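Quick caveat, the model's predicted, so the values are computed rather than measured. Counting begins at 1 with the first residue of the sequence. First listed ligand is number 1; within each ligand, the first listed atom is number 1.
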Amino acid sequence: MSETVLLVGGGGREHAIARALDESDADLYACAGNRNPGIAALAEEFETLETTNPKAVVSYAEDVGATLAVVGPEGPLAAGVADALDDAGVYAFGPNEAEARIETDKAYQRRFMREHDVPGCPDFETFDDVEAACEYIDDYDGDLAVKPAGLTGGKGVRVVGDQVTEEEAKEYLRESGYDRVVLEERLVGEEFTVQAFVANGDLRVTPAVQDHKRAYEGDEGPNTGGMGSYSDSGLELPFMTEADYHEAVEVLQSTVDALSGYKGVLYGQFMLTADGVKVVEFNARFGDPEAMNTLPVLNTDFLDVLTAAREGEDLPELSFAPKATVCKYAVPEGYPTDPEAGAKVEIDEESVARSVTESSNAETRDSAGDALLFYASVDERDDGIYTTTSRSFAVVGVADTITQAEEIAEDALAVAGEEGLDVRHDIGKPDLVQRRIDHVAALRGE
Ligand code: AMP
Ligand code: GLY
């Protein structure tokens with residue numbers, strides 16, 4: 001029986017999910033607040049609706065006769081969209097509202113780790129009074145990370161000794177209006193992500209990815225949702241050992257064991273420190289951009305994972321193409337502090353696909369690589385495609401090595417057209433990757 005899948009969400013991550021489902025025997029329907037032209041081109045139908053309104057999503061799922069749903073972003077999960085779909089008899093691959101608290105409530109998340117002895121938990125305290133938190137900052141011996149407990153799109157954390165001083169951290173808290181905050185030990189090291197498919201007590205992990213949160217080249221500027229990311233041809237990244245990767249997987253396994261009944265993607269954000277692998281946070285969904293690194297190299301049929309999850313079966317073992325990937329986002333000028341929404345973007349999608357075979361660089365032409373374009377938070381209107389306040393589109397290079405994948409991504413950006421948009425060109429370049437390797441070697445005293 002062919003499946004009718006409803007995809008919820010209209011960003012780059014969801015375009016990557018749509019493309020993975022397009023390779024399966026699925027009839028795809030999609031809904032999001034913005035009309036993503038990449039998803040719309042792959043779907044039977046694209047409905048613009050408020051995805052944090054469970055009734056609206058369920059009503060659309062019923063209209064199209066969905067047999068499965070994939071919920072991409074955290075907002076709908078936090079609003080109980082997966083619960084509402086499940087209640088309506090449409091299996092949602094995504095955790096229910098209570099389980100999504102592993103992402104949506106950072107105070108709950110840390111207490112959960114402590115209660116269940118999940119390894120890799122930093123020293124932390126939770127507060128529901130800003131003045132008490134400020135006092136803790138004054139008294140604490142060492143640097144702290146200041147984290148609002150709720151969702152902030154990756155932009156709420158301030159790290160003392162890195163982005164702010166103690167005084168600025170206190171000022172930030174007092175001015176923010178946040179009522180619940182987590183203060184935790186500042187972790188020093190290299191960050192990486194491991195995402196896993198979870199259902200029926202099974203965990204199936206995917207290759208590690210490194211995202212780049214800071215807005216500007218050289219890891220400067222404010223935090224963003226993520227400016228781009230890379231993965232290597234195996235499970236680890238160049239600055240990690242196999243043992244580091246397995247330490248992260250053990251954290252995920254121990255989390256899933258403690259969360260009975262979790263379904264969907266469990267995303268671990270880790271810091272590789274001098275004392276091993278620590279947890280920065282968990283997310284209850286694929287990463288954005290990380291989904292764009294992972295799904296294009298997934299050889300296993302994504303729909304098989306979803307149907308096994310729904311049927312209560314063992315999840316299939318995953319297989320991945322042995323390819324490196326580099327993803328670079330083009331974002332509106334001024335993102336994330338003062339983004340220019342409503343600017344028209346001209347994207348030459350066709351040329352991106354041809355950019356590898358038509359490259360002026362012979363090595364790129366011979367690389368047997370791929371260039372992919374993912375639309376993100378743009379809005380397609382009758383007269384063209386417009387920026388919103390969020391990330392606009394991403395290109396992904398797929399090749400044997402990170403260096404080749406990076407070159408392919410740059411060629412793709414050049415033909416896609418990035419005028420009026422900002423890009424972190426340093427992501428995936430040999431210099432930056434080497435800095436990561438040197439950083440970890442220095443932490444380990446090598
Ligand atoms: P989050 O919203 O928890 O993903 O945090 C955003 C970013 O803040 C992370 O990707 C890290 O770069 C940084 N961060 C969060 N927690 C810590 C910590 N305990 N120590 C150092 N940096 C952190
Ligand atoms: N790339 C970070 C996130 O998806 O939260």
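- Residue Arg436 is tested with Asp219, Asp431, Asp232, Asp426 for a salt bridge (charged side-chain N to carboxylate O under 4.0 Å, His left out); the sole match is Asp219.
- The distance from ligand 1 to the heavy atoms of Ala145 drops below 4.0 Å at these ligand atoms: 17 (C), 18 (C), 19 (N).
- For atom 4 (O) of ligand 2, the nearest non-hydrogen atom from the set Thr193, Asp211, Thr224, Asp288 comes from Asp288.
- Every atom of ligand 2 is numbered from 1 in the order shown, and the set under 4.0 Å from a heavy atom of Gly225 is 1 (N), 2 (C).
- When the options Thr152, Val182, Asn283, Val159 are ranked by their closest heavy atom to atom 23 (C) of ligand 1, first place goes to Val159.
- Under the 6.0 Å distance and 45° angle rule, Arg310 does not count as a cation-pi partner of Tyr91.
- The two residues Leu173 and Ala133 have their closest heavy-atom pair at CD1-CB, 3.9 Å.
- Considering only non-hydrogen atoms, atom 5 (O) of ligand 1 lies nearest to Val157 out of Val157, Thr273, Thr193, Thr224.
- For the pair Arg424 and Tyr329, the NZ or CZ position fails the cation-pi test of under 6.0 Å to the six-membered ring centre and within 45 degrees of the ring normal.
- Close approach to Lys213 involves these atoms of ligand 2, each under 4.0 Å from a residue heavy atom: 2 (C).
- When ring centroids are compared, Tyr375 and Phe393 stay outside the 6.0 Å threshold.
- Heavy atoms only, all atoms of each residue included: Ser229 and Ile427 are closest at N-CG2, 3.8 Å.
- Around atom 2 (O) of ligand 1, the closest heavy atom drawn from Lys278, Lys147, Lys106, Glu185 belongs to Lys106.
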Quiz item: Checking salt bridge (charged side-chain N to carboxylate O under 4.0 Å, His left out) for the pair Arg391/Asp422: CA distance, chi angles, key distance, verdict?
Solution: CA-CA 10 Å; Arg391 298 168 292 186; Asp422 287 335; over 6 Å; no
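- Close approach to Arg186 involves these atoms of ligand 1, each under 4.0 Å from a residue heavy atom: 20 (N).
- Across Glu281, Arg214, Glu191, Glu103, heavy-atom proximity to atom 9 (C) of ligand 1 is greatest for Glu191.
- The contact set between ligand 2 and Gly287, taken as ligand atoms under 4.0 Å from a residue heavy atom, comprises 4 (O).
- Of all the atoms in ligand 1, the ones that sit under 4.0 Å from a non-hydrogen atom of Leu187 are 18 (C), 19 (N), 20 (N), 21 (C).
- Here the protein heavy atom with the shortest distance to atom 5 (O) of ligand 2 is Arg285 NH2, 2.9 Å.
- In Glu290, the part holding a heavy atom less than 4.0 Å from any atom of ligand 2 is the side chain.
- In this structure, Phe197 has its ring center under 6.0 Å from that of Phe286.
- Between the side chains of Tyr245 and Glu236, no donor N or O sits under 3.5 Å from an acceptor N or O.
- Here is the list of ligand 2 atoms found below 4.0 Å of a heavy atom in Tyr267: 1 (N), 2 (C), 3 (C).
- Not a single heavy atom of Arg13 sits less than 4.0 Å from an atom of ligand 2.
- Shown in contact with Glu184 at under 4.0 Å from a heavy atom are these atoms of ligand 1, numbered in order with element: 16 (N), 17 (C), 18 (C), 19 (N).
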Quiz prompt | Intermediate values then yes/no, salt bridge (charged side-chain N to carboxylate O under 4.0 Å, His left out), Glu168 and Arg158 | solution = CA-CA 9 Å; Glu168 286 163 346; Arg158 296 291 180 278; over 6 Å; no
